[in-house]
Asker: 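There's a structure below that I have some questions on.
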2 protein chains.
Amino acid sequence: MTRPTIYDVARESGFSIKTVSRVINGAPNVRRETVARVQAAIDLLQYHPDPAAQRLGGGKLPTVGVVVDSIDDPFFAQVVAVIEGRAMDVGMDVLVASTGMDESRMRTQIQRLARRGVAGLVVAPFGDERRVAEALPDEVPVVVIDRKCGVTDKDVVRVTDEEGAVEAVRHLAARGHRRIGFLGKTSAFTTLTDRYVGYEKALAEAGLEVDPRIVETRAWSADEGYPHALAMLATADAPTAVFAASPMMGLAILRAQQRLHRQDIAVVIFGDHPAADLMTPPTTVVDQRPTALAEAAFDLLSRRIQDPDAEVLDMVMPTMLLARGSGELAPRSLP
Amino acid sequence: MTRPTIYDVARESGFSIKTVSRVINGAPNVRRETVARVQAAIDLLQYHPDPAAQRLGGGKLPTVGVVVDSIDDPFFAQVVAVIEGRAMDVGMDVLVASTGMDESRMRTQIQRLARRGVAGLVVAPFGDERRVAEALPDEVPVVVIDRKCGVTDKDVVRVTDEEGAVEAVRHLAARGHRRIGFLGKTSAFTTLTDRYVGYEKALAEAGLEVDPRIVETRAWSADEGYPHALAMLATADAPTAVFAASPMMGLAILRAQQRLHRQDIAVVIFGDHPAADLMTPPTTVVDQRPTALAEAAFDLLSRRIQDPDAEVLDMVMPTMLLARGSGELAPRSLP
DNA sequence: AGGCGCTATGACAGCGCTGTCAACACCCCG
DNA sequence: CGGGGTGTTGACAGCGCTGTCATAGCGCCT
């Protein structure tokens with residue numbers, strides 16, 4: 001009536017629970033025929049090991065934990081979706097936790113998952129180098145995604161933030177824009193700072209100078225960014241093009257554009273958006289390719305779970321500029 | 001060095017492990033002073049109970065499982081995000097699993113989570129009544145969300161699908177449209193059928209007849225729906241307005257509109273979208289209010305975990321028409 | 001004084017696994 | 001033919017909790 005246990009399988013197969021355990025875990029030194037007989041009993045009884053017991057007995061939970069800013073951010077939603085799919089393929093479950101960009105909450109969440117005994121953790125951390133290093137546990141495999149945050153003793157998968165930003169701004173400059181605004185943030189974590197650095201580089205490359213009046217580096221959420229975007233577009237010498245350094249800032253600039261009926265301003269956003277192709281004009285973006293990033297993160301985590309002493313990797317995945325239209329706009333002719 | 005256990009707390013506080021256990025679980029019949037002393041020891045040692053051990057000892061895991069079609073669907077992403085937030089508030093974790101709209105995978109995922117010993121499950125099921133009933137476990141509290149699927153022995157939280165559809169179509173009819181198309185599906189689960197029923201009702205109410213040439217009821221994904229949407233808009237007597245019965249179908253119709261430069265066609269979509277306000281024109285939607293739905297689901301689940309014999313509830317939450325523009329378009333004057 | 005019914009606490013046996021260590025074949029070698 | 005592997009299996013003690021049942025102390029009744 002109740003779920004079968006390892007004892008039931010042992011009885012059914014005629015071997016001891018230890019041998020059954022060996023079969024379950026694919027341990028070496030079990031005769032082929034024994035494996036087959038035990039497996040037959042497992043199938044017959046529809047036995048599935050109890051993860052809690054496995055954990056308590058000395059193993060890890062067949063589970064990976066994912067800690068991200070927020071689960072309904074399209075970027076992270078995709079990351080979680082991919083990891084969940086991959087985890088399912090290998091019989092693991094996925095625990096999700098969000099930080100809401102609150103540092104103490106990030107700590108709590110990470111600790112909770114680590115304590116729970118997950119086999120591995122995928123974390124998008126933030127905050128200053130030292131505190132991030134403190135927050136990441138050493139006793140469980142961790143892969144850091146999206147931002148390095150100065151982490152050197154863990155595997156990292158991130159994208160070419162600086163190069164992506166360069167490409168975006170270069171794209172605008174190549175179309176004749178000479179007043180290119182920046183909307184983003186330059187603290188919290190390196191990812192964002194790198195994008196600003198890319199912006200500066202591309203400007204320099206085009207022989208342009210940074211004009212602080214069209215650079216906004218303090219906003220984080222779409223709601224925070226919106227008034228700044230409005231202000232930037234409303235000034236006398238408004239930019240003819242804007243580089244939004246995150247999808248949130250992308251929403252902010254698009255809303256501001258719409259509000260002011262200034263769809264003529266060229267825009268490139270760092271980070272793709274599911275409906276970007278439906279905008280008017282369709283939005284040109286630097287795609288972070290969350291799917292590829294998540295796949296790589298999962299692979300790296302599997303690798304580290306298997307071999308805790310593997311060399312620490314810092315993977316930097318290329319971004320991809322998707323020119324859809326909003327970046328093609330020429331600077332509007334001045335009166 | 002190693003994590004403190006209940007024995008450490010017992011030793012530190014001078015009570016037995018059982019009393020510590022009582023304090024942890026807020027059991028009755030423990031003296032106030034005892035609670036305080038034990039709590040002090042817990043705080044001092046930074047003790048946290050091991051969920052796996054709690055589970056094995058006879059309890060449930062402090063975890064809720066969420067099973068949805070796909071985690072990166074904006075609707076479900078929001079649902080997961082809300083549940084995760086609420087769970088965190090009460091010290092629970094969240095396991096996510098996706099079905100990919102595959103029935104056997106749905107079964108597998110549900111069973112896996114149930115086996116894992118979660119305290120409760122939130123499931124968006126699909127498929128025919130009998131098989132859904134079979135797939136949902138009885139030994140763990142389950143709350144069904146978004147679709148009833150004929151479930152009668154579990155709590156359900158869903159929205160007013162039929163009424164929402166009626167409202168959407170009525171909105172279009174009120175603006176003079178007499179050829180209103182339908183894009184959606186009428187099988188898989190009641191939710192979708194109900195929306196079609198609402199469509200029919202609203203048409204009848206407006207004295208209009210269903211024209212099968214502008215009704216498409218077989219598409220599910222955006223990719224499947226797109227060619228159908230194209231075909232519908234391209235015919236000689238194309239509709240002047242379309243009701244898309246799901247966000248996916250919404251994307252399909254919007255893409256088709258864009259492709260054919262037919263932004264003049266009025267559109268109402270069932271289900272809101274994060275960037276709907278940025279479309280041209282901004283998209284009018286029937287908001288399913290995923291946040292409210294998820295809150296209700298979590299409340300219902302907590303209630304059932306506490307009292308497994310509580311009365312079974314079928315909550316139907318009201319939808320909300322958000323008139324943004326695309327539904328306001330008048331029928332284009334015929335040549 | 002004896003008995004009853006509380007409340008507060010503890011001893012102890014599992015829960016279903018895995019790790020450790022031992023046992024028992026066999027085999028090869030000298 | 002004995003010593004020392006190697007391959008295969010099992011006995012058993014935990015892992016860190018919770019459930020059950022026992023125990024002790026106390027107030028109150030008869």
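What you see is a predicted model; the values in this text were computed from it and never measured. Just so we're on the same page: letters track the sequence lines, and every chain starts at 1.
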Asker: For B:Asp299 and B:Arg304, what are the C-alpha separation, side-chain angles and deciding distance, and is it a salt bridge (charged side-chain N to carboxylate O under 4.0 Å, His left out)?
Answerer: CA-CA 9 Å; B:Asp299 289 339; B:Arg304 180 145 314 276; over 6 Å; no
Asker: One thing to verify: whether A:Asp155 and A:Arg303 come together as a salt bridge, which I'm taking to mean a side-chain N less than 4.0 angstrom from a carboxylate O.
Answerer: yes
Asker: How close do B:Phe126 and B:Met106 get, counting heavy atoms only, and between which atoms?
Answerer: O-CE, 3.4 Å
Asker: Compute the angle between the rotation axes at the two ends of the helix from C:dA1-D:dT30 to C:dG30-D:dC1, each taken over five pairs, rounded to 10 degrees.
Answerer: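 If I round to tens, the end axes sit 50° apart.
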Asker: So B:Ile42 and B:Gln39, side-chain contact (heavy atoms from CB on, under 4.5 Å) or not? Walk me through it.
Answerer: CA-CA 5 Å; B:Ile42 288 175; B:Gln39 192 57 53; 3.9 Å; yes
Asker: If you look at every heavy atom in A:Ala296 and A:Val157, which pair is closest and at what distance?
Answerer: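 In this case the closest contact between A:Ala296 and A:Val157 is CB-CG1, 3.9 Å.
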Asker: Taking only side-chain N and O atoms of A:Thr19, does any of them lie within less than 4.0 angstrom of OP1 or OP2 on D:dT9?
Answerer: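 Indeed not, no polar side-chain atom of A:Thr19 lies that close.
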Asker: Could you give the distance from OG1 (A:Thr2) to CD (B:Glu139), rounded to the nearest 0.5 Å?
Answerer: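 It is 9.5 Å, given to the nearest 0.5 Å.
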Asker: Within residues 26-38 of chain A, find the residues that approach DNA chain D with a heavy atom at under 4.0 Å, and present them sorted by residue number.
Answerer: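 A:Asn29, A:Val30, A:Arg31, A:Thr34 - these, ordered by number, are the residues of the stretch whose heavy atoms sit under 4.0 Å from the strand.
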Asker: Do NZ/NE/NH1/NH2 and the carboxylate oxygens of B:Asp50 and B:Arg55 come within less than 4.0 Å?
Answerer: no
Asker: Send over the distance from B:Asp50 CG to D:dC17 C1', rounded to a whole Å.
Answerer: 8 Å
Asker: Are B:Arg107 and B:Asp102 close enough for a salt bridge, meaning some N to O gap below 4.0 Å?
Answerer: no
Asker: Which letter, B, S or -, goes with each nucleotide of nucleotides 18-25 of chain D from 5' to 3', with contact meaning a protein heavy atom under 4.0 Å?
Answerer: BBB-----
Asker: Using whole Å, what does the distance between atom P of nucleotide D:dG16 and atom NZ of A:Lys60 come to?
Answerer: 12 Å
Asker: Considering non-hydrogen atoms only, spot the tightest contact between A:Met92 and A:Ala119 and give its length.
Answerer: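 A:Met92 and A:Ala119 have their closest heavy atoms at CE-CB, 3.7 Å.
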Asker: Nearest 0.5 Å please: distance from the CD atom of A:Glu134 over to the CD1 atom of A:Ile110.
Answerer: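 It is 12.0 Å, given to the nearest 0.5 Å.
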Asker: Does the side chain of B:Thr5 get closer than 4.0 angstrom to OP1 or OP2 of D:dG16 through an N or O atom?
Answerer: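 Answer is no, no contact under 4.0 Å.
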Asker: Can you measure B:Ile42 atom CD1 to D:dC17 atom P for me and round it to whole angstrom units?
Answerer: 10 Å
Asker: Taking CG from B:Asp8 and C1' from D:dC17, how many angstroms apart are they, rounded to a whole number?
Answerer: 13 Å
Asker: Rounding to an integer number of Å, can you tell me how far A:Arg115 CZ sits from D:dG16 C1'?
Answerer: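 That distance rounds to 14 Å.
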Asker: In this structure, how many angstroms lie between the P atom of C:dG16 and the CZ atom of A:Arg11, rounded?
Answerer: 12 Å
Asker: List the atom of A:Pro4, the atom of A:Tyr47, and the distance in Å for their closest heavy-atom pair.
Answerer: O-CD1, 3.4 Å
